[in-house]
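First the structure, in the form of structure tokens, and then the observations on it.
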Amino acid sequence: MPEGPSIVILKESLIQFKGKQLIGVSGNSKIDQSRLADKYVLDFKSWGKHLLICFDDFTVKIHLLMFGSYTVNSEKDRAARLALTFSNGYVNFYSCSVTLLEGYVDDLYDFTSDVMNDNWDEVKALEKLKEIPDALVCDALLEQDIFAGVGNIIKNETLFRVRIHPESHVGNIPNTHLQGLITEARNYSFDFLNWRKEFVLKKHYLIYNQKVCKICNSKIVRKNTGVKNRRSFFCENCQTKY
DNA sequence: TATAATGTTTGAAC
DNA sequence: AGTTCAAACATTAT
């Protein structure tokens, strides 16, 4: 569920409730649910892995973390964390993080750092990468302040596509390749989005969870890398370590 | 069945 | 005071 493109799918599934008035709010979330009662949802937005439910003077942030889920117009056999009912249907969120943020969403988020957003700014991303030359690129890609929405699958697939070794130091990667990495992070995220919509994401994995390199047939290395210590899959032969 | 995994925050420990 | 790290949360496929 939880990488950026999946949250875009979630957002799109909620368009039917945009502009609608809440007629029911429940769930075991500890936010002040009375704030939502009878309010109109102005919009549903996403920023990276955050789903944002926008009200006039506050924003509800849903983060699915690793295992969160949701249902639209159906139930799960489990208590909902937050259940929102409208005149034309309802959405339930399960085992997720729910936070109420004061203020309107556009004053709270910088959408230029969301790889899925139309306002994604490659130049800013490059500038931010230049500020962390000592970081490993596997960590940098997971940095939500730079690449909001990129998760571990997108990280691995993007690095393989641009033939960069996950343990490369950011400062050692030539500019043209850094630029290519930034472009591909967004590019692959949209492939991810389209494949996930068609339920064919897994069969398109080139490196993630794979055993053998699809280019050179050599054994793919699986190793936890970086200070974030997340799983990386890479081909020593095809990906350059800078 | 035990394990590990698409993630992030928190607070203790150093 | 800044960093590092384990714990916590919770579900599902293998």
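Chain identifiers are assigned alphabetically (A, B, ...) following the order of the sequence lines, protein sequences preceding nucleic acid strands; residue numbering begins at 1 within each chain. Because only heavy atoms are used, hydrogens play no part in the values below, and waters and symmetry mates are left out as well, while side chains stay in.
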What are the two closest heavy atoms between A/I154 and A/A185, and how far apart are they? CG2-O, 4.2 Å
Using a 3.5 Å limit on both pairing distances, list the dot-bracket string of DNA chain C from the 5' end; Watson-Crick and G-U wobble pairs count, crossing pairs take [ ], interstrand pairs take |. .||||||||.||||
[X] side-chain N/O to [N] phosphate OP1/OP2 under 4.0 Å:
X: A/R231; N: B/dA4; value: no
X: A/K49; N: B/dT6; value: no
X: A/R230; N: B/dT6; value: yes

Once the angle between the rings of [X] and [Y] is folded into 0 to 90°, is it parallel (under 30°), tilted (30 to 60°) or perpendicular (over 60°)?
X: A/F93; Y: A/Y70; result: tilted
X: A/F234; Y: A/H165; result: tilted
X: A/F147; Y: A/W120; result: tilted

Rounding to an integer number of Å, can you tell me how far [X] [atom1] sits from [N] [atom2]?
X: A/L142; N: B/dA5; atom1: CG; atom2: P; result: 14 Å
X: A/M116; N: B/dT6; atom1: CE; atom2: P; result: 19 Å
X: A/F147; N: B/dG7; atom1: CZ; atom2: P; result: 15 Å
X: A/D139; N: C/dT4; atom1: CG; atom2: P; result: 12 Å
X: A/W47; N: B/dG7; atom1: CH2; atom2: P; result: 14 Å
X: A/N229; N: B/dT8; atom1: CG; atom2: P; result: 15 Å
X: A/K228; N: C/dC5; atom1: NZ; atom2: P; result: 13 Å
X: A/F233; N: B/dA5; atom1: CZ; atom2: C1'; result: 10 Å

Answer yes or no: is there a side-chain heavy-atom contact under 4.5 Å between A/L84 and A/Y90? no
With sugar-phosphate taken as primed atoms, P, OP1 and OP2 and all else as base, the protein-contact string of nucleotides 9-14 of chain C at under 4.0 Å (heavy atoms; B, S, -) is -BBS-S
Expected output: side-chain A/R81 to main-chain A/C96 donor-acceptor under 3.5 Å: yes
What distance, rounded to whole Å, do you find between the two P atoms, one in B/dT3 and one in C/dA7? 16 Å
When you compare B/dA4 with C/dA6, how far apart are their P atoms, in angstrom units rounded to a whole number? 15 Å
Considering only NZ, NE, NH1 and NH2 on the basic side and carboxylate oxygens on the acidic side, decide whether A/E102 and A/R35 come within less than 4.0 Å. yes
Is there any salt bridge (Lys or Arg N to Asp or Glu O under 4.0 Å) pair reaching into residues 127-154 of chain A, and which pairs are they, with sequence neighbours excluded? A/E143-A/K228
Evaluate ring-ring contact (aromatic ring centres under 6.0 Å, His included) for A/H50 paired with A/Y109, printing each intermediate quantity in order. CA-CA 10 Å; A/H50 301 192; A/Y109 282 86; 5.6 Å; yes
For the side chain of A/H63, starting at C-beta, report the closest nucleotide among B/dT8, B/dA5, B/dT6. B/dT8
Closest to the side chain of A/R222, out of B/dA5, B/dG7, B/dT8, is B/dA5
A/Y242/A/H177 aromatic ring centres below 6.0 Å: yes
